[in-house]
Amino acid sequence: MIEYRVTKYDPANRDAGGASTLTEWTSFSDIGCMFNGLPLSEVEYLQVENAYIVSALEFLRESGVSSLAVRELENHRGASLTFGEGSNLSLDQLKTALSRILREEFWCKLEGRDSFIHIGYDYNMYVGVPACCSRAEQVASGLGLFVEPFQSPYGGMGAA
């Protein structure tokens, strides 16, 4: 399996421990807060969120993955969900689920037999696919994201 970290964070701005040396927004709740002298606008947030979703789905499409299962669902805020633990989500359903995970409405791992998407703390996304996805890497980069080889800190996958 090939694993990636796909983020809005430029690796050139990380310290030796991997943390960003810049003060950057990390959450949907940061809309309206000041970063580098400017407020984070909803438009800017949505552009980045969309880049994450488009990139994630491109990795799956290039790998021939048509669905992922919900694993380790955490819904502490009581968000209204049309799926539950173990549900298989199509690419269309994943688009909506990823948006809601990125907005911290709920959390879960999205996993298949040979692929996954994990959304982590501070707006980090981890993608696992069965083979290198050079087209998806280019799509993500073209959308302003940074793609790095990186093992997900959320561990192994359950069988879908």
Side-chain touch T7/F150, heavy atoms, less than 4.5 angstrom: no
Residue pairs involving residues 31-41 (criterion side-chain hydrogen bond (donor to acceptor under 3.5 Å, both in side chains); sequence neighbours excluded): none
Over 60° means perpendicular and under 30° means parallel, so tell me whether W107 and Y154 are parallel, tilted or perpendicular. tilted
Under the side chain to side chain contact (heavy atoms under 4.5 Å, CB included) test, residues paired with P11 that sit two or more places apart: R14, F146, E148
Within the 4.5 Å heavy-atom criterion, are N13 and T21 side-chain neighbours or not? yes
Is there a side-chain contact between I117 and L60 (heavy atoms, below 4.5 Å)? yes
Answer yes or no: is there a side-chain heavy-atom contact under 4.5 Å between P39 and M34? yes
Do L81 and L73 have side chains that approach each other closer than 4.5 Å (heavy atoms only, starting at C-beta)? yes
S152: what forms a side chain to side chain donor-acceptor pair (under 3.5 Å) with it, not counting sequence neighbours? H118
Dump the intermediate steps for side-chain contact (heavy atoms from CB on, under 4.5 Å) on V127 and V147, then the final yes or no. CA-CA 10 Å; V127 177; V147 181; over 6 Å; no
Pair up each side-chain donor or acceptor in residues 131-142 with any protein partner under 3.5 Å, not counting sequence neighbours, and list the distances.
residue	atom	partner	partner atom	Å
R135	NE	E58	OE2	2.9
R135	NH2	E58	OE2	3.1
E137	OE2	Y4	OH	2.9
S141	OG	E137	O	3.1

Closest heavy-atom contact between C33 and S29? SG-O, 4.3 Å
Counting distance only, does the side-chain N/O of E3 pair as donor-acceptor with the main-chain N or O of V129 below 3.5 Å? no
Could you list the residues that satisfy side chain to side chain contact (heavy atoms under 4.5 Å, CB included) with L46, not counting sequence neighbours? E42, E49, R103
So how far is it from L68 CG to S87 OG, rounded to the nearest 0.5 Å? 12.5 Å
Please enumerate all residues that pass side chain to side chain contact (heavy atoms under 4.5 Å, CB included) together with V48, with sequence neighbours excluded. K8, W25, Y52, Y123
Any non-hydrogen side-chain atom of R71 less than 4.5 Å from a side-chain atom of F116? no
Cluster check F28, V54: I/L/V/M/F/W/Y, side chain < 4.5 angstrom: no
Can you see which heavy atom on C108 is nearest to which on L110, and at what distance? SG-CD2, 3.8 Å
Distance-minimising heavy-atom pair for S55 and V6: CB-CG1, 4.5 Å
Quick check on the hydrophobic clustering: are L91 and L143 connected, directly or via other members, by side-chain heavy-atom contacts under 4.5 Å? no
Reported CG-to-NZ distance for the pair N50 and K95, which is rounded to 0.5 angstrom: 6.5 Å
Linking I/L/V/M/F/W/Y whenever any side-chain heavy atoms sit under 4.5 Å apart, do L22 and L38 land together? no
To the nearest 0.5 angstrom, please state how far the CD atom of Q151 sits from the CZ atom of R5. 12.0 Å
Any link between L98 and Y121 through a network of hydrophobic side chains (Ile, Leu, Val, Met, Phe, Trp, Tyr) touching at under 4.5 Å? yes
Which residues pass the salt bridge (charged side-chain N to carboxylate O under 4.0 Å, His left out) test with E62, not counting sequence neighbours? none
Rounded to the nearest 0.5 Å, what's the gap from CG on L40 to CD on E24? Could you check? 11.0 Å
If you look only at pairs with a residue in residues 66-93, which of them pass as a ring-ring contact (aromatic ring centres under 6.0 Å, His included), with sequence neighbours excluded? F83-F106
Residues passing the side chain to side chain donor-acceptor pair (under 3.5 Å) test with E105, sequence neighbours excluded, are R100
CG of L94 to OG of S66: how many Å apart, nearest 0.5 Å? 9.5 Å
Who are the side chain to side chain donor-acceptor pair (under 3.5 Å) partners of E104, not counting sequence neighbours? S27
Shortest non-hydrogen contact between G84 and V70, atoms and distance: O-CB, 3.6 Å
For the CG atom of D92 and the CG atom of L57, what is their distance to the nearest 0.5 Å? 8.5 Å
So I119 and M125, do their side chains get closer than 4.5 Å, heavy atoms only? yes
R61 meets the salt bridge (charged side-chain N to carboxylate O under 4.0 Å, His left out) criterion, sequence neighbours left out, with none
Residue list, side chain to side chain contact (heavy atoms under 4.5 Å, CB included) with T26, at least two apart or on another chain: Y9, D30, D122
Indicate yes or no: at least one non-hydrogen side-chain atom of T96 is less than 4.5 angstrom from one of T82. no
